[in-house]
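Just so it is clear, the model here is predicted, and its values are computed rather than measured.
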Amino acid sequence: MAASGEIIYERPNLLDSTHDGVELINSNRFAFLMMLGMDVMLFVGLGGGYMVLRGGSLSWPPPGAPSLRPAVMVWSCVFIVLASVVFAVGLKNHKKGNARQARLALFAGSLLILGFLITNAFEWSYLITNGMDIMTVFGGIYYTLMGTFLIHVVIGSIFLFWIISRTMRTGNSGKSVNSVTHVAYFFYVLTLLWLSIYGLVYS
């Protein structure tokens, strides 16, 4: 019996009516969600900076800056939305143990993400060729906002290809459930952020 004033800590894996012995919060999932939250706050800050600069200008884009091409960049929205849908299908199949269908979905999603990156590459090539200068207010905030987002997409793509190669190894399907879930959630958030960015910059 514990002495008076002694602190009694719950033993790990204690089974009772309120606790089944498993961890209450998946530490990997919690850390991942914290990272997503910080990313969202980063883009909220960048988007807020864009709105401040845009609101303080008489004309936007400023005179002399190349015109943006919303009709071209709308395809980037199509690509990333379709990728998120395909990742959702892949995640559903992966949880059901349909490893082959999950891999096919992840691979198809990676091709759609590649289409997203290519669309942005065409837009950047057009803007740079037509004199978009990073040292101007408009050019600086555009390249910073878009570049930061594209870096996230590239990092997510690298993680995606690692997961595809991992799920192709015999016996690793079950171990990669969290990884597939995380990459799907990551691109869900990126999709919502991109639609917001597109509406902010290209509207």
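- Side-chain contact between Phe186 and Ile155 is absent, with no heavy-atom pair separated by less than 4.5 Å.
- There is a path of hydrophobic side-chain contacts, each under 4.5 Å, that joins Val154 to Phe79.
- Pro66 and Asn130 make their closest contact through CB-CB, 3.8 Å (heavy atoms, listed as atom of the first residue, atom of the second, distance).
- The shortest side-chain heavy-atom distance between Val137 and Pro62 does not fall under the 4.5 Å cut-off.
- The OG atom of Ser110 sits 13.0 Å away from atom CD1 of Ile158, with the distance rounded to the nearest 0.5 Å.
- Residues Tyr202 and Met51 share a single hydrophobic cluster, defined by chaining ILVMFWY side chains whose heavy atoms lie under 4.5 Å apart.
- In terms of heavy-atom proximity, Arg103 sits nearest to Ile164 at CD-O, 4.2 Å.
- Listed for the Thr129 side chain is a donor-acceptor partner under 3.5 Å among the backbone atoms of Ser125.
- Within 6.0 Å of OH in Tyr188 there are more than 12 heavy atoms belonging to other residues, nucleotides or ligands.
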Could you list the donor-acceptor pairs under 3.5 angstrom formed between side-chain atoms of residues 86-93 and any protein atom two or more places apart in sequence or on another chain?
{"unit_1": "Asn93", "atom_1": "OD1", "unit_2": "Asn98", "atom_2": "ND2", "d": "3.3"}
{"unit_1": "Asn93", "atom_1": "ND2", "unit_2": "Val89", "atom_2": "O", "d": "2.9"}

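- The cluster map of Ile, Leu, Val, Met, Phe, Trp and Tyr, joined by side-chain heavy atoms under 4.5 Å apart, puts Ile113 and Val74 in the same cluster.
- At least one side-chain heavy atom of Leu127 sits under 4.5 Å from a side-chain heavy atom of Tyr142.
- By the 4.5 Å heavy-atom criterion applied to side chains, Leu150 and Phe116 are counted as neighbours.
- In this structure, CZ in Phe187 is found 13.5 Å from CG in Leu192, a value given to the nearest 0.5 Å.
- By the 6.0 Å contact criterion, CH2 on Trp124 is enclosed, its count of non-hydrogen atoms from other residues, nucleotides or ligands being greater than 12.
- Taking 4.5 Å as the limit, some side-chain heavy atom of Phe149 sits within range of a side-chain heavy atom of Leu190.
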Return a table of donor-acceptor pairs under 3.5 angstrom between the side chains of residues 34-50 and protein atoms on other chains or two or more places apart.
{"unit_1": "Asp39", "atom_1": "OD1", "unit_2": "His152", "atom_2": "NE2", "d": "3.0"}
{"unit_1": "Tyr50", "atom_1": "OH", "unit_2": "Trp60", "atom_2": "NE1", "d": "2.8"}

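- Between Thr148 atom OG1 and Ile197 atom CD1 the span is 9.0 Å, to the nearest 0.5 Å.
- Nearest heavy atoms, Gly156 versus Val183: O-CG2, 4.1 Å.
- Taking the side chain as every heavy atom from C-beta outward, Tyr126 and Phe122 never approach each other to under 4.5 Å.
- By the 30° and 60° cut-offs, the orientation of the rings of Phe159 relative to Trp162 is parallel.
- With values rounded to the nearest 0.5 angstrom, Ser76 atom OG is found 4.5 Å from Trp194 atom CH2.
- Clustering ILVMFWY residues whenever any of their side-chain heavy atoms sit less than 4.5 angstrom apart, transitively, puts Leu53 in a cluster other than the one holding Leu58.
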- Query: When you look at Thr181 and His94, which way does the side chain to side chain contact (heavy atoms under 4.5 Å, CB included) test go after all the steps?
  - Reply: CA-CA 9 Å; Thr181 302; His94 195 72; over 6 Å; no
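- Put simply, the side chain of Phe138 does not reach to within 4.5 Å of the side chain of Arg54, judged on heavy atoms.
- Among residues at least two apart or in separate chains, salt bridge (Lys or Arg N to Asp or Glu O under 4.0 Å) pairs with a member in residues 118-131 are Arg69-Glu123.
- No option in Thr119, Val85, Thr191, Leu112 other than Thr191 meets the side chain to side chain contact (heavy atoms under 4.5 Å, CB included) test with Ile80.
- Going from atom CG of Leu68 over to atom OG of Ser203 covers 10.0 Å, rounded to the nearest 0.5 Å.
- Between the side chain of Tyr198 and the main chain of Leu193, no donor-acceptor pair closer than 3.5 Å is present.
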- Message: If you apply the rule side chain to side chain donor-acceptor pair (under 3.5 Å), what do you find for Arg29 with His182, and how did you get there?
- Response: CA-CA 8 Å; Arg29 182 65 50 79; His182 290 170; 3.0 Å; yes
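- Under a hydrophobic clustering in which Ile, Leu, Val, Met, Phe, Trp and Tyr are joined whenever their side-chain heavy atoms come within less than 4.5 Å, directly or via other members, Leu114 and Met73 fall into different clusters.
- To the nearest 0.5 Å, atoms CG (Leu106) and OG (Ser165) are separated by 11.0 Å.
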